[in-house]
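Keep in mind that this is a model prediction, so the values were computed, not measured. Note on naming: letters A, B, ... go to the chains in the order of the sequence lines (proteins, then strands), and numbering restarts at 1 for each one.
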2 protein chains.
Amino acid sequence: MVKTGEILSKLTAQGYRITPQRIMILDAVENADDHISAEEIFTLVCLQYPNVNISTVYRTLELLKQLELVTETDFGDGRVRYHSIKKGHHHHLVCQKCGGIIDMEESIFTPLRESLLKQYGFDADIHHLAIFGTCKKCR
Amino acid sequence: MVKTGEILSKLTAQGYRITPQRIMILDAVENADDHISAEEIFTLVCLQYPNVNISTVYRTLELLKQLELVTETDFGDGRVRYHSIKKGHHHHLVCQKCGGIIDMEESIFTPLRESLLKQYGFDADIHHLAIFGTCKKCR
DNA sequence: TATGCAACTGCAATCCCTTGCATCTATGAT
DNA sequence: ATCATAGATGCAAGGGATTGCAGTTGCATA
Ligand SMILES: [Zn+2]
Ligand SMILES: [Zn+2]
Ligand SMILES: [Zn+2]
Ligand SMILES: [Zn+2]
């Protein structure tokens with residue numbers, strides 16, 4: 001469990017600045033109950049500070065992703081969603097028929113990651129994936 | 001190995017029409033040596049028939065995808081690429097440091113697909129995936 | 001061969017996201 | 001406290017892809 005304060009000092013430690021915009025954007029992701037889109041973050045931040053620009057939101061999310069503080073997932077609905085790493089690594093199964101989403105443990109990818117490492121020497125970066133297909137009740 | 005003629009009759013069988021645009025777009029994908037982007041297909045088709053519209057290219061690719069005649073993959077460079085199913089199912093490892101791309105056999109995903117089926121009753125639709133990470137020589 | 005109509009296309013607007021650039025500001029040094 | 005500067009922001013333009021709609025066309029039927 002990483003605290004927001006720790007995250008901010010992690011930014012400084014790496015030469016990045018702490019700005020009001022970054023604090024508000026980070027806050028929006030950290031306090032979101034669910035996976036949140038850039039547009040939703042933008043709307044939330046605008047309530048406090050209407051001058052913020054959507055490109056700042058995207059650039060901040062890109063930075064948080066690089067620092068592995070936030071993960072990104074494409075659920076296939078035309079907009080990417082973000083999630084604080086505080087809430088743990090996991091993955092999703094997305095049914096293409098009913099649209100239902102099943103949550104998965106991170107461990108489901110462990111055998112795959114191991115075989116990629118063994119066969120190809122490749123260290124796969126599988127943080128937060130959505131796998132598409134057909135769920136039990138739609139088959 | 002599916003022939004182009006067979007693909008066209010598969011279209012008619014499902015109530016879709018055969019149009020000059022669809023023939024040319026399908027041809028471009030079938031004859032491409034490598035994974036080809038919508039823009040590249042558009043350029044090729046324009047040589048023969050300059051009136052074609054890029055949205056028709058996207059709509060045709062979407063249709064071919066649904067019919068499982070073409071697969072789509074995001075290599076992370078901001079544009080999606082397409083591949084004829086004639087050339088077989090496979091996957092890719094994309095190194096985020098050197099940009100190198102390693103080709104993988106389809107079978108690497110078999111254990112994962114099986115465990116998804118067993119644990120969740122979920123039939124995963126993993127046709128042509130790009131996994132991001134760090135390759136052997138960049139680690 | 002001519003007709004009817006659902007399927008398809010082109011066009012323009014729009015959506016999500018990225019990028020270049022001029023301006024501004026957080027931060028460390030003085 | 002002030003300054004210098006590299007990092008960050010806002011703005012506007014642009015890129016890839018999608019969508020609504022009016023007009024066109026493939027094709028089944030007669
Ligand atoms: Zn998630
Ligand atoms: Zn379902
Ligand atoms: Zn491929
Ligand atoms: Zn590499």
Side-chain angles (χ1 to χ4, degrees), chain A residues 5 7-29 35-46 48-67 69-82 130, chain B residues 5 7-26 28-29 35-46 48-67 70-82 130:
Chain A
I7 293 177
L8 293 177
S9 53
K10 188 170 179 178
L11 281 179
T12 346
Q14 308 228 5
Y16 298 107
R17 291 187 192 159
I18 296 172
T19 67
Q21 290 93 330
R22 286 185 176 165
I23 294 172
M24 291 184 286
I25 292 165
L26 185 58
D27 232 52
V29 183
H35 305 78
I36 189 170
S37 71
E39 197 67 37
E40 288 165 342
I41 294 168
F42 176 64
T43 305
L44 283 174
V45 174
C46 273
Q48 294 182 252
Y49 180 65
N51 277 19
V52 76
N53 193 274
I54 188 81
S55 61
T56 300
V57 174
Y58 281 110
R59 281 190 280 231
T60 301
L61 288 169
E62 179 60 33
L63 176 63
L64 296 174
K65 227 168 62 188
Q66 272 175 33
L67 297 176
L69 298 170
V70 152
T71 57
E72 184 191 79
T73 303
D74 178 7
F75 290 92
D77 64 342
R79 87 192 49 197
V80 160
R81 283 167 209 283
Y82 300 86
Chain B
I7 292 176
L8 292 177
S9 53
K10 188 170 180 180
L11 281 179
T12 346
Q14 309 228 4
Y16 298 107
R17 290 188 191 157
I18 296 172
T19 66
Q21 291 92 330
R22 285 185 176 165
I23 295 172
M24 291 183 287
I25 292 165
L26 185 57
V29 183
H35 306 77
I36 189 170
S37 71
E39 197 66 38
E40 287 165 344
I41 294 168
F42 176 64
T43 305
L44 283 173
V45 174
C46 273
Q48 294 181 252
Y49 180 65
N51 277 19
V52 76
N53 193 274
I54 188 81
S55 61
T56 301
V57 175
Y58 281 110
R59 281 190 279 230
T60 301
L61 288 169
E62 180 59 34
L63 176 63
L64 297 174
K65 226 168 63 188
Q66 271 174 32
L67 297 175
V70 152
T71 57
E72 184 191 80
T73 304
D74 178 6
F75 289 93
D77 64 342
R79 86 190 50 194
V80 159
R81 284 167 209 284
Y82 300 87

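Nucleic acid contact class of S37(A) (heavy atoms, under 4.0 Å, all strands): none. Within the nucleic acid shown, Y49(A) comes within 4.0 Å of sugar-phosphate atoms alone, with no base atom in reach, counting heavy atoms only. Here E62(A) lies out of heavy-atom contact (under 4.0 Å) with every strand. As judged by a 4.0 angstrom heavy-atom cut-off over every strand, I54(B) is placed among residues making no nucleic acid contact.
Rounded to whole Å, the distance from CD1 on I25(A) to C1' on dT9(D) is 10 Å. Here the C1' atom of nucleotide dT18(D) and the CZ atom of R79(B) are 17 Å apart, to the nearest Å. In this structure, the CD1 atom of I23(A) is 13 Å from the C1' atom of dA8(D), given to the nearest Å. In this entry the distance linking CE of M24(A) with P of dA8(D) reads 15 Å, nearest Å. Rounded to whole angstrom, the span from the OH atom of Y82(B) across to the P atom of dG16(D) amounts to 13 Å. Atoms CG (D77(B)) and P (dG15(D)) sit 16 Å apart, rounded to a whole Å. Look at CZ on R81(B): it is 12 Å from C1' on dG16(D), rounded to the nearest Å. One atom, CG of N53(B), and another, P of dT18(D), lie 13 Å apart when rounded to the nearest Å.
Looking at which nucleotide of DNA chain D each of R17(B) and N51(A) is closest to, the 5′-most match is held by N51(A). Mapping G78(B) and V52(A) onto DNA chain D by nearest heavy atom places V52(A) closer to the 5' end of the strand.
Residue I54(A) comes nearest to A38(A) through the heavy atom pair CD1-O, 4.1 Å, listed as atom of the first residue, atom of the second, then distance.
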Derivation of the side-chain contact (heavy atoms from CB on, under 4.5 Å) call for L11(A) and L63(A): CA-CA 9 Å; L11(A) 281 179; L63(A) 176 63; 4.0 Å; yes
Verdict with reasoning, T56(A) to T19(A), per side-chain contact (heavy atoms from CB on, under 4.5 Å): CA-CA 11 Å; T56(A) 300; T19(A) 67; over 6 Å; no
Verdict with reasoning, L69(A) to V29(A), per side-chain contact (heavy atoms from CB on, under 4.5 Å): CA-CA 10 Å; L69(A) 298 170; V29(A) 183; over 6 Å; no
Working for salt bridge (charged side-chain N to carboxylate O under 4.0 Å, His left out), residues E62(B) and R59(B): CA-CA 5 Å; E62(B) 180 59 34; R59(B) 281 190 279 230; over 6 Å; no
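In the 5' to 3' direction, nucleotides of DNA chain C lying under 4.0 Å from heavy atoms of chain A begin and end at dC16(C) to dT27(C).
The side chain to side chain donor-acceptor pair (under 3.5 Å) check on R22(B) picks up nothing, with sequence neighbours excluded.
Out of dG16(D), dG26(D), dT9(D), the shortest distance to the side chain of T56(A) is found at dT9(D). The side chain of R59(B) sits closest to dT19(D) out of dT19(D), dC11(D), dA17(D).
The line from CD of Q48(A) to CD of Q21(A) is 11.0 Å long, rounded to the nearest 0.5 Å. To the nearest 0.5 Å, the span separating CG on D74(A) from CZ on R79(A) amounts to 11.5 Å.
A sub-4.0 Å separation between OP1 or OP2 of dT25(D) and a side-chain N or O of Q21(B) is absent. Under 4.0 angstrom from either OP1 or OP2 of dA17(D) there lies at least one side-chain N or O belonging to Y58(B).
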